[in-house]
There are 2 protein chains.
Amino acid sequence: MSSKEIVSKRWHGGDHGLTIERLPAKESFKSKAYAALKEAITNMNIYGSDEPMLLDERDISERLGASRTPVREAVAMLEQEGLLRAVPRRGIMVVRRSKAEIIEMIEAWAALESMAARLATQRASDEAIAELRALFKEFDLSRIERDRCDEYSGANIAFHQALIRLSGSSLLAAMTDNLFFHVRAIRHRTIFEMDRAQRSAADHREIISALEARDADRAERLVRDHTLRLARHVESHVQLD
Amino acid sequence: MSSKEIVSKRWHGGDHGLTIERLPAKESFKSKAYAALKEAITNMNIYGSDEPMLLDERDISERLGASRTPVREAVAMLEQEGLLRAVPRRGIMVVRRSKAEIIEMIEAWAALESMAARLATQRASDEAIAELRALFKEFDLSRIERDRCDEYSGANIAFHQALIRLSGSSLLAAMTDNLFFHVRAIRHRTIFEMDRAQRSAADHREIISALEARDADRAERLVRDHTLRLARHVESHVQLD
DNA sequence: CTGAGGAATTTGGCATACCAAATACCAACA
DNA sequence: TGTTGGTATTTGGTATGCCAAATTCCTCAG
């Protein structure tokens with residue numbers, strides 16, 4: 001089958017430079033189901049138990065007030081995203097990552113964020129970097145106030161996301177968001193304790209300094225080492241599998 | 001709605017440590033459709049024309065001898081993967097990336113591959129590195145023999161993929177494969193000419209040397225700079241948009 | 001009471017039908 | 001001849017039904 005054959009040619013001519021945005025286009029049940037499922041998976045303690053976590057299409061369809069078809073499409077998307085796995089005649093289950101996989105994710109995260117830091121030293125405005133420092137102060141404050149893991153981790157990830165956005169690369173942001181999603185799912189205490197143990201705040205301060213100094217190599221190295229340290233810590237202190 | 005509610009509990013007990021792989025499970029129409037579509041998109045010259053490339057569900061269904069349902073699921077997956085975009089009442093179109101997006105991809109690639117190089121210096125066996133050098137020689141030879149862009153580019157990407165596999169991280173491999181897919185879709189001559197202009201082979205030789213010397217920093221830097229150079233070249237010499 | 005076998009149910013994969021929106025076509029009018 | 005308005009057709013979104021495989025449950029023999 002020639003690959004070109006599957007392309008159909010519709011639509012008469014090109015536009016006349018008049019750019020009018022397509023109106024909202026109400027979101028389909030498919031995307032609603034996708035959002036609902038992802039939300040549900042997010043709030044789920046995936047590693048809380050060892051039994052397989054199974055989802056039921058019909059049940060979800062009823063809850064959403066839609067038929068199985070759009071739900072199945074949403075499931076297919078989440079399967080592609082690596083969050084779900086559908087086994088024929090078995091069920092749709094939430095994927096649990098092995099420790100090795102989590103470590104690979106953190107290493108990839110280190111790669112992407114350190115590149116983001118490098119790019120940020122070259123592209124971010126002084127104002128944007130100043131905002132990061134402001135965020136850092138706020139973050140540091142909240143860290144002292146509350147000791148709850150969730151809050152702390154959230155603020156921590158917020159810092160990293162803000163840093164990555166400084167690079168101006170929406171792709172780096174998207175890819176790391178996806179990785180964060182998986183890493184965050186491990187609600188293992190040691191991940192957060194470690195973050196404190198390794199003086200995360202001090203690291204962050206140094207990183208900001210490197211950005212302000214526009215020192216690409218140093219910013220990159222600091223970010224890389226900071227995150228790789230997390231990988232090593234998970235490797236030796238987190239029990240999964 | 002509580003997120004836990006969507007989890008159904010079936011199956012009596014847990015297994016007893018006996019791990020038996022589920023037998024092949026003949027691939028579904030969904031996965032067949034996915035593979036067929038991806039194959040088709042791969043062989044398609046996406047940037048060859050400016051008209052939107054539209055796909056027709058029913059047409060594809062007929063060609064595959066299946067109904068629209070599994071095809072739509074495959075489309076949903078490819079949409080999630082960023083290769084397709086379905087606009088309601090409009091059609092399913094192959095996504096064209098802007099130059100800015102392509103550059104972001106190459107930068108992300110640089111990040112991932114340079115991390116792979118770093119990890120490879122720590123984890124790859126001497127034998128594995130030796131194999132890369134062997135591959136390089138073969139590659140270099142084929143480069144001299146043929147001047148055809150496709151072959152050259154293929155061998156070039158093969159080198160990079162082999163290097164990434166040395167890291168032992170299947171995630172880095174998967175992520176870069178995905179990026180390669182998009183970058184490869186730009187069949188712009190300058191991409192390949194550039195690769196020669198910047199003495200790609202010489203760079204590769206240096207990279208292998210760094211790996212053999214187990215010099216993490218140098219290997220990382222060489223790989224990063226090599227690929228970022230490609231990004232800069234695309235930025236200034238490739239016409240898209 | 002145990003468990004082996006089979007029937008009933010559950011579940012995901014797939015096909016089909018219908019609908020609304022958007023396009024394409026066409027005829028009538030200026 | 002060019003434009004316009006309406007109609008037919010196309011197309012993606014969704015609902016529904018059937019099927020085979022796998023599970024669960026029930027029954028009955030030992």
Side-chain angles (χ1 to χ4, degrees), chain A residues 6-16 20-37 51-80 84-94, chain B residues 6-15 20-37 51-80 84-95:
Chain A
I6 72 171
V7 177
S8 69
K9 284 161 192 160
R10 280 188 282 151
W11 295 350
H12 284 154
D15 59 287
H16 305 72
I20 295 183
E21 279 310 311
R22 187 177 192 69
L23 38 88
K26 67 180 191 305
E27 67 177 340
S28 59
F29 279 128
K30 174 173 71 175
S31 50
K32 279 191 208 170
Y34 174 83
L37 281 175
E51 302 120 43
M53 306 186 89
L54 295 167
L55 306 181
D56 179 55
E57 286 182 0
R58 287 174 170 85
D59 182 49
I60 296 170
S61 304
E62 286 176 19
R63 292 174 188 276
L64 264 60
S67 76
R68 289 172 53 211
T69 309
V71 172
R72 282 181 57 78
E73 288 171 3
V75 168
M77 288 194 286
L78 289 164
E79 203 177 348
Q80 180 66 19
L84 297 180
R85 178 167 179 179
V87 182
R89 305 301 175 300
R90 266 308 175 87
I92 303 159
M93 56 193 69
V94 182
Chain B
I6 72 171
V7 177
S8 71
K9 285 160 192 163
R10 279 189 282 154
W11 294 350
H12 285 151
D15 60 285
I20 295 182
E21 279 308 311
R22 188 173 192 69
L23 40 88
K26 67 180 190 305
E27 66 176 342
S28 58
F29 279 123
K30 174 173 71 175
S31 51
K32 278 191 208 169
Y34 174 83
L37 280 175
E51 301 120 44
M53 307 186 88
L54 295 167
L55 275 51
D56 179 52
E57 287 183 358
R58 286 174 171 86
D59 182 50
I60 296 170
S61 304
E62 285 176 22
R63 292 173 189 275
L64 263 60
S67 77
R68 289 173 54 210
T69 309
V71 172
R72 282 183 57 77
E73 289 171 2
V75 168
M77 289 194 285
L78 290 164
E79 203 177 347
Q80 180 66 20
L84 297 179
R85 178 167 178 178
V87 181
R89 304 295 176 295
R90 267 306 177 87
I92 303 160
M93 56 192 71
V94 182
V95 172

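Only a predicted model underlies this, so the values are computations on that prediction, with no experimental measurement involved. Throughout, protein chains are lettered first and strands after them, A, B, ... in sequence-line order, and every chain is numbered starting at 1.
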Listed partners of B:E57 passing side-chain contact (heavy atoms from CB on, under 4.5 Å), at least two apart: B:R68, B:R72, B:I92
Qualifying residues under side-chain hydrogen bond (donor to acceptor under 3.5 Å, both in side chains), relative to A:S31, sequence neighbours excluded: A:S28
For the pair made of [atom1] in [X] and [atom2] in [N], what is the distance, rounded to whole Å?
{"X": "B:E62", "N": "D:dT11", "atom1": "CD", "atom2": "P", "answer": "10 Å"}
{"X": "B:K32", "N": "C:dG13", "atom1": "NZ", "atom2": "C1'", "answer": "12 Å"}
{"X": "B:I60", "N": "D:dT11", "atom1": "CD1", "atom2": "P", "answer": "11 Å"}
{"X": "A:F29", "N": "C:dC19", "atom1": "CZ", "atom2": "C1'", "answer": "13 Å"}
{"X": "A:Y34", "N": "D:dT14", "atom1": "OH", "atom2": "C1'", "answer": "21 Å"}
{"X": "B:L55", "N": "D:dG12", "atom1": "CG", "atom2": "P", "answer": "9 Å"}
{"X": "A:L54", "N": "D:dA22", "atom1": "CG", "atom2": "P", "answer": "15 Å"}
{"X": "B:E27", "N": "D:dA21", "atom1": "CD", "atom2": "P", "answer": "17 Å"}

Pairing residues for A:E79 by the salt bridge (Lys or Arg N to Asp or Glu O under 4.0 Å) criterion, not counting sequence neighbours: B:K30
Any residue of residues 67-79 of chain A with a heavy atom less than 4.0 Å from an atom of DNA chain D: A:S67, A:R68, A:T69, A:P70
Nearest non-hydrogen partners of A:A74 and A:Y34, listed with the distance: CB-N, 3.5 Å
Residue mapping more 5' on DNA chain D - nearest nucleotide basis, B:E57 or A:A66: B:E57
Flag side-chain contact, heavy atom, 4.5 Å: A:M53 against A:M93: no
Distance-only donor-acceptor test (3.5 Å): side chain B:R58, base D:dG12: yes
Approximate separation, where rounding is to 0.5 Å, of B:L55 CG and B:R85 CZ: 15.0 Å
Rounded distance [0.5 Å steps], CG in A:L64 versus CG in A:L37: 7.0 Å
Side chain of A:D56 - closest among C:dG13, C:dT11, D:dT23: C:dT11
